[in-house]
Number of protein chains: 2
Amino acid sequence: MATSKKAAPAPAAQPVDTSYLQTLLGYNARRAALSIIGVFLERLAAYGLKPVDFSVMSVIHHNPGVTSRQLCASLAILPPNLVGLIQSLEARGLIERLPHPTDGRALGLHPTAKGVSLMQQAELTASELEIDASSKLSASQRQTLVQLLQKIYL
Amino acid sequence: MATSKKAAPAPAAQPVDTSYLQTLLGYNARRAALSIIGVFLERLAAYGLKPVDFSVMSVIHHNPGVTSRQLCASLAILPPNLVGLIQSLEARGLIERLPHPTDGRALGLHPTAKGVSLMQQAELTASELEIDASSKLSASQRQTLVQLLQKIYL
DNA sequence: TATTGTTATACTCTATAACTATA
DNA sequence: TATAGTTATAGAGTATAACAATA
């Protein structure tokens with residue numbers, strides 16, 4: 001039921017011209033990001049971390065005592081949307097909230113030993129996964145790509 | 001009230017270290033995409049087009065008679081989520097659905113004269129906007145970036 | 001039996017307004 | 001008065017299941 005006719009590889013049947021969209025940086029950046037995120041979701045599911053959870057934990061991991069407000073500013077997350085994430089991470093015993101040394105309104109976010117241990121593994125997994133998700137790129141191409149992307153949003 | 005102390009530029013107050021995240025391709029691609037999309041939303045609002053609407057219209061514009069199924073496959077949109085978009089574009093008089101020449105189940109999507117006219121302008125605006133949104137990049141850097149991104153998702 | 005287009009629906013993500021307590 | 005954290009809630013985006021018409 002798929003061995004006669006001409007010789008179409010497998011799915012095919014979509015000779016749609018997307019050449020204009022492919023000239024757009026925004027289109028390409030979004031498609032590439034979604035492609036990598038797809039692999040990320042698979043491999044990091046073992047840690048119970050989605051991309052946002054991972055980003056939040058990573059910043060806390062490398063910035064013990066950081067406040068929610070700082071997290072929001074550095075990751076472009078709106079404060080109301082961070083609340084649930086923080087509560088979830090705290091409930092899992094990955095972080096703890098301690099009084100801020102100088103600002104009585106704020107709370108410092110600290111990784112627990114369990115959180116540090118998890119993130120050490122998770123970050124290794126993430127770094128590996130990215131190479132697999134961009135296997136058509138050489139190491140230097142990957143480095144160039146990162147530098148060019150940062151020129152856009154930083 | 002901001003002229004004493006040391007000499008902090010303006011907002012500051014966020015010495016958060018995100019150097020690890022900045023090594024990740026997925027993180028950088030997502031941040032860059034969101035940055036460009038932000039500008040896109042501003043400039044294309046005049047046409048009543050959001051990024052998805054624009055992509056759909058662009059594919060129809062360059063592929064008159066394309067089917068919904070082909071659109072979904074080429075833009076990674078799920079069929080149920082395309083229905084509303086198509087209906088909206090048709091209601092605005094930008095496209096029309098005609099019987100498919102060979103497949104009685106399908107409908108061919110065609111741009112109206114109004115749709116063609118709109119997209120000619122919209123695509124010019126989009127191409128200009130992308131240059132502004134990546135003004136720190138040279139033309140050749142922009143070209144390199146597009147090529148590298150396509151190696152990830154294509 | 002498989003596929004196109006569709007409906008209904010649920011889940012997630014993102015955004016805005018407003019409150020409290022501290023500064 | 002302004003800011004950190006929070007609550008409630010609305011809106012947009014994304015996901016699966018299932019159906020009618022046609023292949």
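Numbered from 1 within each chain, the chains take letters A, B, ... in sequence-line order.
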Could you give the CD-to-C1' distance, from Q87(B) to dG5(C), as a whole number of Å?
-> 10 Å

Hey, are the side chains of Y47(A) and F54(A) touching, using non-hydrogen atoms and a 4.5 Å cut-off?
-> no

S127(B) and Y20(A) side chains, donor-acceptor separation under 3.5 Å | yes

Would you indicate which nucleotide in dG5(C), dG13(D), dT14(D) comes nearest to any side-chain atom of K50(B)?
-> dG13(D)

Taking dT6(C), dA4(D), dT7(C) as options, the one with an atom nearest any side-chain atom of D103(A) is dA4(D)

With the side chain defined as heavy atoms from C-beta on, R30(B) is closest, among dT14(C), dT6(D), dT6(C), to dT14(C)

Taking N and O atoms by type only, does the side chain of R69(B) place a donor or acceptor under 3.5 Å from a partner on the base of dT4(C)?
-> no

Using a cut-off of 4.0 Å on non-hydrogen atoms, how would the nucleic acid contact of I77(B) be classed: base, sugar-phosphate, or nothing?
-> nothing

Presence of donor-acceptor pair under 3.5 Å, side chain of N81(B) and base of dA15(D) = yes

Report which part of the nucleic acid L107(B) touches: base, sugar-phosphate, or nothing (heavy-atom distance under 4.0 Å, all strands).
-> sugar-phosphate

Working for side-chain contact (heavy atoms from CB on, under 4.5 Å), residues M119(A) and S58(A) = CA-CA 7 Å; M119(A) 285 311 293; S58(A) 180; 3.9 Å; yes

For the side chain of R105(A), starting at C-beta, report the closest nucleotide among dT22(C), dT4(C), dT7(D).
-> dT22(C)

Minimum side-chain heavy-atom gap I37(B)-L41(B) below 4.5 Å | yes

